[in-house]
**Student:** 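Here's a structure for you.
The first residue of the sequence shown is numbered 1, and numbering continues consecutively from there.
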Amino acid sequence: QPLWLRWWFITLAILAIFGLFFWYQTERDKRLQRVNVLQREKAESQFQALKSQINPHFLFNSFNTLIIIIEENPGLAVEYVENLSDFYRKMMQYRDKDVISLSEEIELVRNYHFLLEKRFGQNFTLQIEINDDLGFIAPLTLQMLVENAVKHNVISKTRPLNMEISRNKGDDFIFV
């Protein structure tokens, strides 16, 4: 009988094929795990970089607004400082968390809206129409979107900025 037709050769060939298949699967799984870890680390580092960019820019604008309000309306300036400190307290509280509840994020955005409203007056409006605030979101996500809209648009009497944040009940998406 030829060598390739003997029972022991066929058994060894089948074992070799299964061994190669098993080796391929384990190497592929290791490679996929490495790719997933790298992607997660990349996303986390980008998120940390975005969070660190928020503070200096926003703080500078807040102090400029506060200077103007102090001169015009000292009572409003006290309310502004209270909201500003509350906003920063929540930012510091949330910044080390991976996720927060959607209701906490909405409360943070409402507080941020108050600060922007005092800065821009009626030239900036924000409507929040979230019918279902169940779920979780990365901290400061909506706040960053609002901040970027303010940062990259002209806001004046002739060109007011109107923003809307909405989510339908049971929907997985939030629209800004």
Side-chain angles (χ1 to χ4, degrees), residues 36 38-176:
N36 287 338
L38 289 174
Q39 286 176 339
R40 186 175 66 240
E41 288 175 352
K42 178 183 175 186
E44 287 174 359
S45 70
Q46 288 174 338
F47 181 62
Q48 291 300 326
L50 282 174
K51 285 198 302 189
S52 69
Q53 290 174 1
I54 292 171
N55 295 332
H57 176 73
F58 176 69
L59 188 60
F60 176 75
N61 288 333
S62 296
F63 284 144
N64 284 338
T65 303
L66 182 59
I67 289 169
I68 294 169
I69 293 175
I70 287 173
E71 293 173 358
E72 294 176 359
N73 187 347
L76 182 60
V78 170
E79 184 181 3
Y80 186 85
V81 169
E82 287 173 351
N83 276 285
L84 182 63
S85 66
D86 188 42
F87 177 74
Y88 264 98
R89 185 179 319 108
K90 288 177 182 173
M91 269 181 60
M92 298 305 287
Q93 181 182 5
Y94 298 152
R95 85 182 293 148
D96 294 329
K97 294 183 178 182
D98 292 332
V99 292
I100 61 173
S101 70
L102 183 57
S103 60
E104 289 173 317
E105 179 72 11
I106 291 170
E107 184 181 338
L108 185 72
V109 169
R110 288 185 198 278
N111 198 331
Y112 184 64
H113 173 245
F114 173 84
L115 300 172
L116 291 175
E117 187 178 52
K118 297 309 170 208
R119 179 176 169 199
F120 296 110
Q122 295 178 353
N123 301 325
F124 175 76
T125 60
L126 175 67
Q127 274 188 303
I128 300 176
E129 296 180 10
I130 305 268
N131 299 330
D132 178 12
D133 64 354
L134 300 175
F136 294 92
I137 190 168
L140 308 173
T141 304
L142 296 176
Q143 186 271 335
M144 274 191 278
L145 291 173
V146 173
E147 182 178 3
N148 282 336
V150 169
K151 184 177 173 183
H152 297 290
N153 285 287
V154 174
I155 302 175
S156 67
K157 272 189 172 181
T158 58
R159 297 182 66 186
L161 178 62
N162 302 313
M163 293 189 68
E164 180 181 334
I165 300 174
S166 63
R167 176 182 176 194
N168 295 328
K169 188 172 185 171
D171 200 356
D172 290 335
F173 299 101
I174 298 173
F175 299 96
V176 180

**Student:** Using every non-hydrogen atom in the two residues, find where R167 and L102 come nearest and quote the distance to one decimal.
**Tutor:** NH1-CD2, 2.8 Å

**Student:** Indicate yes or no: does K90 engage E107 in a salt bridge with an N to O separation below 4.0 Å.
**Tutor:** yes

**Student:** For the CZ atom of F175 and the CD1 atom of I165, what is their distance to the nearest 0.5 Å?
**Tutor:** 13.0 Å

**Student:** For the residue pair N153 and A149, what are the closest heavy atoms and their distance?
**Tutor:** ND2-O, 2.6 Å

**Student:** Should we say atom CG of D98 is surrounded by more than 12 heavy atoms from elsewhere, each under 6.0 Å from it?
**Tutor:** no

**Student:** Would you say T65 and L115 make side-chain contact, with heavy atoms under 4.5 Å?
**Tutor:** no

**Student:** If I take atom CD from residue Q143 and atom OH from residue Y112, how far apart are they, to the nearest 0.5 angstrom?
**Tutor:** 5.0 Å

**Student:** Look up atom CG in L161 and atom CG in L116, then write down how far apart they are to the nearest 0.5 Å.
**Tutor:** 9.5 Å

**Student:** Out of curiosity, I128 CD1 to E105 CD, how far, rounded to the nearest 0.5 Å?
**Tutor:** 9.5 Å

**Student:** What's the separation between atom CZ in R110 and atom CD1 in I106, rounded to the nearest 0.5 Å?
**Tutor:** 6.5 Å

**Student:** Counting only heavy atoms from other residues, nucleotides and ligands, does the tally under 6.0 Å from CD of E129 exceed 12?
**Tutor:** yes

**Student:** What are the two closest heavy atoms between K157 and P160, and how far apart are they?
**Tutor:** O-CD, 3.6 Å

**Student:** Of all the heavy-atom pairs spanning P139 and Y94, show the shortest one and how long it is.
**Tutor:** CG-O, 3.4 Å

**Student:** Mind checking the CG-CZ spacing from N123 to R159? Nearest 0.5 Å is all I need.
**Tutor:** 12.0 Å

**Student:** To check you understand the geometry: which heavy-atom pair defines the closest contact between F87 and N111, and what is its length?
**Tutor:** N-ND2, 3.7 Å

**Student:** Looking only at non-hydrogen atoms, find the nearest pair between I174 and I137 and report the distance.
**Tutor:** CD1-CD1, 4.1 Å

**Student:** Report the C-alpha distance between M91 and L140 in whole Å, list the side-chain angles of each, state the deciding distance to 0.1 Å, and finish with yes or no for side chain to side chain contact (heavy atoms under 4.5 Å, CB included).
**Tutor:** CA-CA 8 Å; M91 269 181 60; L140 308 173; 3.7 Å; yes

**Student:** Indicate yes or no for a side-chain donor-acceptor contact from N83 to the backbone of E79 under 3.5 Å, with no hydrogens or angles considered.
**Tutor:** yes

